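Okay, so here's the structure we're looking at.
Numbers restart at 1 for each chain; the letters A, B, ... are given by sequence-line order, proteins then strands. From a predicted model like this one, the values you see are computed outputs, not experimental measurements.
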2 protein chains.
Amino acid sequence: MESSATNFRELCQQHGIAVTHQRQVLFEIMQGMHGHPSPEEVYARVKKKIPAISLATVYKNIHLFVESGIFREVSMHHGTLRVEMNSRPHHHMVCSMCKSISDIDEADLGLLPSHQKLPGGFLVERYAVDVIGICPDCQAKKSN
Amino acid sequence: MESSATNFRELCQQHGIAVTHQRQVLFEIMQGMHGHPSPEEVYARVKKKIPAISLATVYKNIHLFVESGIFREVSMHHGTLRVEMNSRPHHHMVCSMCKSISDIDEADLGLLPSHQKLPGGFLVERYAVDVIGICPDCQAKKSN
DNA sequence: TAGTAAACGATAATTCTTATCGTCTGTCAA
DNA sequence: TTGACAGACGATAAGAATTATCGTTTACTA
């Protein structure tokens, strides 16, 4: 069985990024965390292993991991407060390139909820679907 | 046909909030905006009609509208950067009370995408579904 | 193993949002 | 109507999250 160190080294080589001690510890700790920790929470954990690490390094490497496709952001939405004024039942199309958000009617999406109660006893109020992909503008730019 | 002023007055009475000039102009401008504007963008528009308005007032009233259920937030997610380390295909259950996020396997959700290309030519890469509702903990608290 | 590009830590700066506070206004009862 | 009072307002300071800067150190390639 390969060690996780070897795996991480290969992962970095695949993505063309340098293997540093900080980066490796960060990666391993993040992989071992459940849920969706904030950068601060990750920082707190990593600090136990590398007391001298900087919060900026944590941010920089989380972004690097996300850009490389090693991890993924939970929400594609903008960081600022965004409000919904379209009162018709609809969902969102989010462009993975330009991050633009456009609305799509529920009926046009062709997806409908089927359960009222999910495993664990979670009581469903509504579904919010982000369709992630490439918007027409970015498709055009891509093929140029 | 009722004027929009009357509508807004009734809306405020329904929600037990005062009708102020700022609030009314803000509401009307937001209703007339497309997409999902940021507070800054809304502020810029409102300023043309009420030059003396404060950005804090815009924030306070957007929150008020959201809390009252007049408008809705685009994303229920936390404002901070959150990273996904679960590599299995899954979606999220977001509690509308405590804002906690937990994972649910795609298979358990019972929802599957049916289209590859949506109206407008948007090219689908993947779906990210937020199931919004009440988590078991908050259901328990609620009934107390 | 030397040169170079990139990564690091420290910290200043920026951005977004919220809190504070003195003044003003909308609401409601008289 | 009017007067009292809670709540809303504007100005701005404060706070939280994130990013930029910069001098030093480290990893990769030849």
Side-chain angles (χ1 to χ4, degrees), chain A residues 5-6 8-27 29-30 36-44 46-68 70-71 73-83 99, chain B residues 5-6 8-27 29-30 36-44 46-68 70-71 73-83 99:
Chain A
T6 304
F8 183 65
R9 184 165 290 277
E10 284 169 5
L11 204 56
C12 288
Q13 280 165 357
Q14 282 167 25
H15 292 98
I17 62 180
V19 181
T20 69
H21 181 222
Q22 289 87 342
R23 206 163 274 173
Q24 173 150 8
V25 170
L26 184 61
F27 174 78
I29 283 178
M30 285 182 75
H36 310 89
S38 67
E40 285 284 354
E41 286 164 347
V42 173
Y43 175 59
V46 176
K47 240 188 160 179
K48 289 179 189 167
K49 293 229 174 180
I50 312 177
I53 200 167
S54 165
L55 178 58
T57 300
V58 172
Y59 269 99
K60 279 182 281 199
N61 283 309
I62 289 178
H63 283 304
L64 186 70
F65 291 155
V66 169
E67 283 157 24
S68 304
I70 295 172
F71 293 135
E73 258 190 81
V74 169
S75 173
M76 300 284 298
H77 291 146
H78 298 76
T80 68
L81 174 64
R82 299 282 164 161
V83 183
K99 306 293 162 86
Chain B
T6 305
F8 183 66
R9 183 165 291 277
E10 284 168 3
L11 204 54
C12 288
Q13 281 166 354
Q14 282 167 24
H15 291 98
I17 62 181
V19 181
T20 68
H21 182 222
Q22 289 86 341
R23 204 163 273 172
Q24 173 152 7
V25 170
L26 184 61
F27 173 78
I29 284 178
M30 287 181 74
H36 310 90
S38 67
E40 285 284 352
E41 286 164 347
V42 172
Y43 175 59
V46 176
K47 238 188 163 180
K48 289 178 189 168
K49 294 230 176 182
I50 312 177
I53 201 168
S54 165
L55 178 58
T57 300
V58 172
Y59 269 98
K60 279 182 282 199
N61 283 309
I62 289 178
H63 283 305
L64 186 71
F65 291 155
V66 169
E67 284 157 24
S68 305
I70 296 172
F71 294 135
E73 257 189 82
V74 168
S75 172
M76 300 286 296
H77 292 145
H78 297 76
T80 68
L81 175 63
R82 299 283 164 160
V83 183
K99 304 293 162 85

How long is the straight-line distance from [atom2] of [Y] back to [atom1] of [X], given to the nearest 0.5 Å?
{"X": "A:Glu67", "Y": "A:Ile70", "atom1": "CD", "atom2": "CD1", "result": "10.5 Å"}
{"X": "B:Thr80", "Y": "A:His36", "atom1": "OG1", "atom2": "NE2", "result": "12.0 Å"}
{"X": "B:Phe27", "Y": "B:Leu64", "atom1": "CZ", "atom2": "CG", "result": "12.0 Å"}

Distances under 3.5 Å between protein N/O atoms and the N/O atoms of nucleotides 5-10 of chain C, please, pair by pair.
unit_1: C:dA7; atom_1: OP1; unit_2: A:Arg23; atom_2: NH1; d: 3.3
unit_1: C:dA7; atom_1: OP1; unit_2: A:Arg23; atom_2: NH2; d: 3.4
unit_1: C:dA7; atom_1: O5'; unit_2: A:Arg23; atom_2: NH2; d: 3.3
unit_1: C:dC8; atom_1: OP1; unit_2: A:Thr20; atom_2: OG1; d: 2.8
unit_1: C:dC8; atom_1: OP2; unit_2: A:Asn61; atom_2: ND2; d: 3.2
unit_1: C:dC8; atom_1: O3'; unit_2: A:Gln22; atom_2: NE2; d: 2.8
unit_1: C:dG9; atom_1: OP1; unit_2: A:Gln22; atom_2: NE2; d: 3.4
unit_1: C:dG9; atom_1: OP2; unit_2: A:Ser54; atom_2: N; d: 3.3
unit_1: C:dG9; atom_1: OP2; unit_2: A:Thr57; atom_2: OG1; d: 2.3

*Determine the minimum heavy-atom distance between A:Phe8 and A:Gln24, stating which atoms define it.*
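What the structure gives for the nearest pair is CE2-CA, 3.4 Å.
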Under-3.5 Å N/O pairs linking protein and nucleotides 12-17 of chain C:
unit_1: C:dT17; atom_1: OP1; unit_2: A:Leu81; atom_2: N; d: 2.7
unit_1: C:dT17; atom_1: OP2; unit_2: B:Tyr59; atom_2: OH; d: 2.3
unit_1: C:dT17; atom_1: O5'; unit_2: B:Tyr59; atom_2: OH; d: 3.3

*Would you kindly give the NE2-to-P distance between B:His15 and D:dA8, to the nearest whole Å?*
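Answer to the nearest Å: 14 Å.
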_Rounded distance in Å - CD (B:Gln24) to P (D:dA8)_ =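 B:Gln24 atom CD is separated from D:dA8 atom P by 15 Å.
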*Output, in order, the C-alpha distance, side-chain angles, deciding distance and verdict of side-chain contact (heavy atoms from CB on, under 4.5 Å) for B:Gln22 and B:Val46.*
CA-CA 9 Å; B:Gln22 289 86 341; B:Val46 176; over 6 Å; no
*Could you tell me whether the side chain of A:Glu41 and the main chain of A:Ser38 form a donor-acceptor pair under 3.5 Å?*
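Yes; at least one donor-acceptor contact below 3.5 Å.
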Less than 3.5 Å apart, which donor and acceptor atoms pair up between the side chains of residues 54-62 of chain A and the rest of the protein, not counting sequence neighbours?
unit_1: A:Ser54; atom_1: OG; unit_2: A:Ala56; atom_2: N; d: 3.1
unit_1: A:Asn61; atom_1: OD1; unit_2: A:Arg23; atom_2: NE; d: 2.8
unit_1: A:Asn61; atom_1: OD1; unit_2: A:Arg23; atom_2: NH2; d: 3.3
unit_1: A:Asn61; atom_1: ND2; unit_2: A:Thr57; atom_2: O; d: 3.1

*Go through the steps for A:Leu26 and A:Phe65 under the test side-chain contact (heavy atoms from CB on, under 4.5 Å), then give the verdict.*
CA-CA 10 Å; A:Leu26 184 61; A:Phe65 291 155; 4.1 Å; yes
